[in-house]
Amino acid sequence: MSDTLKQHTKRDASNPIIDLSNQVGAEIKAGLQKENANLSPKFLYDTLGSVLFEAICELPEYYPTRTEAEIFLRYLPEMARRIGTGATLIDLGAGNCAKAAKLFPLLHPEQYVPIDISAEHMRDYVKRLQERFPHIEMTPLELDFSVQWQLPEEVRASKRVFFYPGSSIGNFDPDQALVFLRQMRAACGEDGGILIGVDLIKELGLLNAAYDDALGVTAAFNLNMLRHVNRIIGADFDVRAWSHKAFFNPTLSRIEMHLEARTDVIVRWPGGMRHFKQGEGIHTENSYKYSVEKMTQFLKTAGFGNARAWSDEKNWFAVIYAEAV
Ligand SMILES: C[S@@+](CC[C@H](N)C(=O)[O-])C[C@H]1O[C@@H](n2cnc3c(N)ncnc32)[C@H](O)[C@@H]1O
């Protein structure tokens with residue numbers, strides 16, 4: 001593993017000096033100025049946000065992580081037979097890399113490529129993982145995959161298998177999800193595939209509780225985005241003036257997370273400001289829920305076929321492996 005975590009997000013080719021924070025800052029400011037303000041869920045993940053997400057995964061209300069883990073525990077040998085050994089395993093939004101690490105003993109990848117925007121958080125986990133699995137080449141990358149991305153040459157071209165667990169695909173609107181799947185298909189060559197976790201449509205109460213837990217950990221995770229944004233653009237969001245809102249929108253089949261102003265608030269940043277009326281919100285995350293059929297169709301449209309899906313007994317979650325076709 002190289003000591004330096006490489007930054008692979010595409011920058012402005014005409015001016016390589018334009019640094020990413022300028023583009024990111026412009027994106028945040030544009031989102032805050034919209035009539036219905038919004039911020040990308042990628043801003044949930046600074047180092048504290050990544051730790052808070054790990055805490056969410058431990059909550060009794062947050063069924064996706066443990067349900068997906070059950071599926072892997074039960075069906076991993078079957079998945080491994082389909083996928084085969086010696087892959088280049090590309091873990092999108094790897095976080096603490098814990099899910100991929102559980103695949104290693106059966107998948108025996110040649111190379112592991114964890115990718116995350118919250119790179120500081122990922123770095124230490126990759127170091128420890130490399131000690132446990134010294135024979136696997138590990139190539140961690142700092143990359144924002146919500147914008148156009150490409151894999152660097154260090155990523156082996158053979159048998160690229162994208163690993164995208166946790167139903168993170170649900171953070172994209174369906175049309176963006178398709179674009180993203182197509183990008184993976186283009187990057188994975190003819191002998192690759194995708195192993196993807198998908199949260200399924202289920203009872204409203206379960207969905208709502210998973211994103212609005214009794215301890216308020218998800219609320220802290222959502223509110224922490226304001227501190228992250230303060231640091232990036234020099235804004236003066238006061239976290240205490242905002243509250244967390246999460247609900248299932250059945251028309252669009254998605255959980256929506258918002259931050260709602262508790263009172264009239266003026267937020268300032270160098271060169272700009274925004275007045276939020278009491279009750280006005282900032283839309284911070286969507287989490288679309290799918291059926292296996294719909295996701296399989298999406299995968300097919302993107303160029304992945306021969307899909308096999310595994311689910312838990314309650315049909316709350318599914319893991320799908322599909323091959324590049
Ligand atoms: C919901 S967590 C999932 C973590 C882990 N894969 C799991 O399934 O538990 C999403 C992960 O993706 C990363 N992430 C979110 N948006 C990203 C982006 N645009 N580019 C790269 N990584 C991103 C976050 O930092 C975080 O580690």
Side-chain angles (χ1 to χ4, degrees), residues 5-10 20 23-24 27-28 31 38-59 62-72 89-103 112-126 129 140-151 161-173 176-177 179-181 183-184 187 194-199 210-211 217-218 221-222 224-225 228-229 232 246 254-255 257 284-289 317-320:
L5 198 60
K6 293 188 179 154
Q7 161 64 259
H8 284 282
T9 300
K10 258 199 168 175
L20 197 68
Q23 293 175 24
V24 166
E27 180 185 343
I28 291 174
N38 73 333
L39 291 169
S40 164
K42 68 188 177 192
F43 299 119
L44 290 164
Y45 298 96
D46 60 357
T47 300
L48 178 58
S50 297
V51 172
L52 287 168
F53 178 73
E54 285 179 19
I56 288 173
C57 293
E58 301 293 325
L59 293 169
Y62 197 72
Y63 62 84
T65 308
R66 63 170 186 279
T67 311
E68 190 182 44
E70 266 171 44
I71 298 170
F72 278 118
L89 189 67
I90 304 164
D91 188 355
L92 294 168
N96 62 12
C97 310
K99 291 183 182 176
K102 288 190 179 155
L103 307 183
Y112 174 55
V113 185
I115 295 178
D116 211 291
I117 198 169
S118 182
E120 281 300 311
H121 179 75
M122 181 177 70
R123 193 192 314 264
D124 290 342
Y125 288 106
V126 180
L129 208 56
L141 301 175
E142 179 182 4
L143 185 151
D144 175 0
F145 51 61
S146 70
V147 295
Q148 201 193 347
W149 51 273
Q150 60 192 24
L151 295 173
V161 172
F162 283 95
F163 181 46
Y164 198 32
S167 204
S168 293
I169 190 73
N171 293 151
F172 290 100
D173 286 341
Q176 297 168 340
V179 170
F180 188 53
L181 291 171
Q183 275 185 283
M184 283 187 241
I194 179 171
L195 183 64
I196 185 169
V198 186
D199 196 12
Y211 294 82
V217 182
T218 315
F221 173 65
N222 197 9
N224 177 59
M225 184 194 268
H228 191 197
V229 163
I232 299 173
R254 69 186 192 194
I255 285 281
M257 290 209 321
T284 52
E285 188 182 72
N286 290 321
S287 181
Y288 283 82
K289 307 302 168 190
F317 202 93
V319 176
I320 305 177

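Note that ligands are numbered from 1 as they come in the structure, with each ligand's atoms numbered from 1 the same way.
Nearest protein neighbour of atom 16 (N) of ligand 1, counting heavy atoms only, is Lys42 CB, 3.7 Å. Protein heavy atom nearest atom 20 (N) of ligand 1, with residue, atom name and distance: Phe145 N, 2.9 Å. Counting protein heavy atoms only, atom 19 (N) of ligand 1 is closest to Asp144 OD1, 2.8 Å. For atom 27 (O) of ligand 1, the closest heavy atom belonging to the protein is Asp116 OD2, 2.6 Å. The closest protein non-hydrogen atom to atom 10 (C) of ligand 1 is Tyr45 OH, 3.6 Å. The protein heavy-atom contact nearest to atom 22 (N) of ligand 1 is Ile117 N, 3.1 Å.
Atoms of ligand 1 found under 4.0 Å from any heavy atom of Ser146, numbered from 1 in the order shown, are 19 (N). Counting the atoms of ligand 1 from 1 in the order shown, those under 4.0 Å from a heavy atom of Gly95 are 27 (O). Interface of Leu143 with ligand 1, defined as ligand atoms under 4.0 Å from a residue heavy atom, comprises 20 (N), 21 (C). Of all atoms in ligand 1, listed by their number and element, those nearer than 4.0 Å to a heavy atom of Phe53 are 1 (C), 2 (S), 3 (C), 4 (C), 9 (O).
Side-chain contact of Tyr288 with Asp199: a donor-acceptor pair under 3.5 Å is absent, judged by distance alone.
Remark: among candidates Gly166, Pro114, Gly93, the nearest residue to atom 4 (C) of ligand 1 is Gly93, based on non-hydrogen atoms. Looking at Glu285, Glu142, Met122, Lys99 and measuring to atom 8 (O) of ligand 1, the nearest heavy atom belongs to Lys99.
At distances below 3.5 Å, not a single donor-acceptor pair connects side-chain atoms of Ser287 with backbone N or O atoms of Gly170. A donor-acceptor pair is defined here as one N or O able to donate and one able to accept, closer than 3.5 Å; such a pair exists between the side chain of Asp116 and the backbone of Gly95. Listed for the Asp91 side chain is no donor-acceptor partner under 3.5 Å among the backbone atoms of Val113. Distance alone, capped at 3.5 Å, is enough to place a donor-acceptor pair between the Asn96 side chain and the Ala98 backbone.
Using cut-offs of 30° and 60° for the angle between ring planes, the Phe53 and Tyr62 rings count as perpendicular. Using the six-membered ring where Trp is involved, Tyr164 and Phe172 have ring planes that are tilted, between 30° and 60° apart.
Considering only residues two or more places apart in sequence or on other chains, His228 meets the side chain to side chain donor-acceptor pair (under 3.5 Å) condition with none of them.
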